[in-house]
Amino acid sequence: MEIIRTVADLDSITGSLSEQGRTIGLVPTMGALHAGHLSLVSRARKDNDIVVVSVFVNPTQFNNPDDLRTYPRTEAADCALLEQAGVDYAFIPEVSEIYPEPDTRVFDLGPVAEVMEGAMRPGHFNGVAQIVSKLFAWSHPTRAYFGEKDFQQIAVIRRMAELEGFTHEIVACPICREDDGLALSSRNVRLSPEQRAIAPAIARTLAASTDWAKTHTVEQTKRFVTETVNSFPHLKVEYYEIVDGATMQPIEQWSDSAEPVGCITVYCGDVRLIDNIRYNIA
């Protein structure tokens, strides 16, 4: 595996490979890699000739300075995992390399970016669009891979790609979970042992709600999930919305969407965790 530190080298290497007709799979990450990231790498390895993984904690998508400061950074361990997974190139730049000057672009991301994470974290999705658009431009990917834990983010990235004229495939990959159901996240390492023992209640509650939903309304299901999660120590729901899986807009009745998805954000202590689940209301 070759480590690339500069934009010029990334653009040159991947541009040449693309011109040779080699297919390139891009996996953008913020590091602190876990089995969820490696599942994306595995899919990219299966689908493409070349796999490029970026490892970059992007400051423009953090609206909370403390979250940026405490985000885990584990470059040596990340590189060992990526090499073992058969990655060809790891792009690991400094902030000054990505942003030699401030990125002032403002993307018209529309309604998919205005709800849930967009409402709770102003500017977050614009920062995501800034960094991902750069990675798309510099990596010349055939396909780019993202995990469905960040369900709304994938819709935002699809919108950004449409705006910027990127035509490569954006591949959404299933959530990876611990044995006890907790969605894998780089933030999980910040949970205390007691919090870590409680956190799987989020996924258990979402799973239980799929049966509950078959005999209850959307609003009743939202209340069930919120009240159940909040009943556990250390857990506090920031929001729980049931939305259309394509538009990200909240629905009022199950019949309003062919693909209802429940999206939740929960504080476990001061660690912010997200998860989601699909509903199949026959």
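A pairwise comparison of heavy atoms in Ala129 and Phe107 identifies CB-CD1, 3.6 Å as the closest pair. A pairwise comparison of heavy atoms in Met30 and Tyr71 identifies O-CE2, 3.6 Å as the closest pair. Closest of all the heavy-atom pairs between Pro174 and Glu148 is CA-OE1, 3.9 Å. Smallest separation of non-hydrogen atoms from Ala161 and Ile170: CB-CD1, 3.8 Å. When every heavy atom of His37 is checked against every heavy atom of Ala32, the shortest pair comes out as CE1-O, 3.9 Å. Minimum heavy-atom separation, His140 to Thr14: CD2-OG1, 3.1 Å.
Looking at heavy atoms from C-beta onward, Lys222 lies in side-chain contact with Ile242 at the 4.5 angstrom threshold. Counting heavy atoms from C-beta outward, Phe136 and Glu164 have side chains that stay 4.5 Å or more apart. Proximity of Gln249 to Asp256: side-chain heavy atoms (C-beta onward) are nowhere separated by under 4.5 Å. Within the 4.5 Å cutoff, the side chain of Ser54 has no heavy atoms near those of the Ile131 side chain. Looking at Glu178 and Pro200, their side chains never come closer than 4.5 Å, going by heavy atoms from C-beta outward. Between Glu2 and Asp88 there is no side-chain heavy-atom pair separated by less than 4.5 Å. Annotation: side chain of Leu82 is in contact with side chain of Val55 (closest heavy-atom distance under 4.5 Å). Pro141 has its side chain out of reach of Val52: every pair of non-hydrogen atoms, C-beta onward, lies at least 4.5 Å apart.
Two different hydrophobic clusters hold Ile175 and Leu40 under the rule that ILVMFWY side chains link at heavy-atom gaps under 4.5 Å. Ile92 and Leu68 end up in different hydrophobic clusters when Ile, Leu, Val, Met, Phe, Trp and Tyr side chains are linked at under 4.5 Å. Hydrophobic cluster membership is shared by Leu163 and Ile157, with clusters built from Ile, Leu, Val, Met, Phe, Trp and Tyr side chains linked at under 4.5 angstrom. Cluster membership check: Met120 does not share its hydrophobic cluster with Val271, using side-chain heavy-atom separations under 4.5 Å among Ile, Leu, Val, Met, Phe, Trp and Tyr. Criterion: ILVMFWY side-chain heavy atoms under 4.5 Å apart, direct or through other members. Under it, Leu38 and Phe91 are not part of a common hydrophobic cluster.
With hydrogens and angles disregarded, a donor-acceptor distance shorter than 3.5 Å links the side chain of Asn230 to the backbone of Val237. Using modelled atom types, no side-chain atom of Gln253 and backbone atom of Val218 make a donor-acceptor pair closer than 3.5 Å. Checking side-chain atoms of Asn126 against main-chain N and O of Thr60 turns up no donor-acceptor pair under 3.5 Å. The backbone N or O of Met248 sits nowhere less than 3.5 Å from a side-chain atom of Gln152 that would complete a donor-acceptor pair. Within the 3.5 Å criterion, the main-chain N or O of Arg187 finds a donor-acceptor partner in the side chain of Ser185. Side chain of Asp11 to main chain of Val7: no donor-acceptor pair is present (N/O by atom type, distance under 3.5 Å, no hydrogens or angles). The backbone N or O of Asn280 lies less than 3.5 Å from no partner atom in the side chain of Trp254, so there is not a single donor-acceptor pair. In this structure a side-chain-to-backbone donor-acceptor pair under 3.5 Å is missing from Arg121 to Met116. Judged by distance alone, with hydrogens and angles left aside, the side-chain atoms of Arg45 form a donor-acceptor pair with the main-chain N or O of Gly86 at under 3.5 Å. Put simply, the side chain of Thr23 gets close to the backbone of Asp49: a donor and an acceptor are under 3.5 Å apart.
No salt bridge links Lys236 with Asp270; every basic N to acidic carboxylate O contact stays at or beyond 4.0 Å. At a threshold of 4.0 Å, the pair Asp47-Arg43 counts as salt-bridged, since one of the basic side-chain nitrogens sits closer than that to a carboxylate oxygen. Electrostatic pairing of Glu259 and Arg278 counts as a salt bridge here, judged by a charged N lying under 4.0 Å from a carboxylate O.
To the nearest 0.5 Å, atoms CD (Gln20) and CD1 (Ile50) are separated by 8.5 Å. To the nearest 0.5 Å, atoms CH2 (Trp138) and OG (Ser133) are separated by 8.0 Å. One distance of note links CG of Leu273 with CD1 of Ile202; it measures 5.0 Å at 0.5 Å rounding. Taking CZ of Phe56 as the start and CD1 of Ile98 as the end, the distance is 5.0 Å to the nearest 0.5 Å. Rounding to the nearest 0.5 angstrom, the gap separating the OH atom in Tyr99 from the CD atom in Gln130 is 5.0 Å. Note that the CD1 atom of Ile274 and the CZ atom of Phe151 stand 11.5 Å from one another [nearest 0.5 Å].
Of the options Leu206, Thr205, Asn276, a side-chain contact (heavy atoms from CB on, under 4.5 Å) to Ile264 is made by Leu206 and by none of the others. Exactly one of Glu94, Glu75, Glu97 qualifies for a salt bridge (charged side-chain N to carboxylate O under 4.0 Å, His left out) with Arg5. That residue is Glu75. None of Cys176, Ser186, Ser39 except one satisfies the side-chain contact (heavy atoms from CB on, under 4.5 Å) rule with His34; the exception is Ser186.
Residues meeting the salt bridge (Lys or Arg N to Asp or Glu O under 4.0 Å) test with Glu114, sequence neighbours left out: none. For Thr226, there are no side-chain hydrogen bond (donor to acceptor under 3.5 Å, both in side chains) partners, not counting sequence neighbours.
No side-chain N or O of Tyr240 forms a donor-acceptor pair with one of Asp275 less than 3.5 Å apart. Using a 3.5 Å distance cut-off with no hydrogens or angles, the side chains of Ser231 and Glu227 do not pair a donor with an acceptor.
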### Task
Please test His216 against Phe224 for side chain to side chain contact (heavy atoms under 4.5 Å, CB included), starting from the C-alpha separation and ending with a verdict.
CA-CA 10 Å; His216 293 82; Phe224 167 77; over 6 Å; no
### Task
For Tyr89 and Leu26, run side chain to side chain contact (heavy atoms under 4.5 Å, CB included): C-alpha distance rounded to whole Å, both residues' side-chain angles, the deciding distance at 0.1 Å, then the answer.
CA-CA 10 Å; Tyr89 298 97; Leu26 171 67; over 6 Å; no
### Message
With side chain to side chain contact (heavy atoms under 4.5 Å, CB included) as the criterion, how do Arg272 and Asp67 come out once you've worked through the C-alpha distance, each side chain's angles and the decisive distance to 0.1 Å?
### Response
CA-CA 9 Å; Arg272 192 172 187 269; Asp67 195 20; 6.0 Å; no
### Message
Is there a side chain to side chain contact (heavy atoms under 4.5 Å, CB included) between Glu117 and Thr265? Walk through the geometry before answering.
### Response
CA-CA 9 Å; Glu117 292 296 278; Thr265 295; 3.1 Å; yes
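No more than 12 heavy atoms of other residues, nucleotides or ligands sit less than 6.0 Å from atom CD of Glu252. The local environment of CD in Gln84 is sparse, with at most 12 non-hydrogen atoms from other residues, nucleotides or ligands closer than 6.0 Å.
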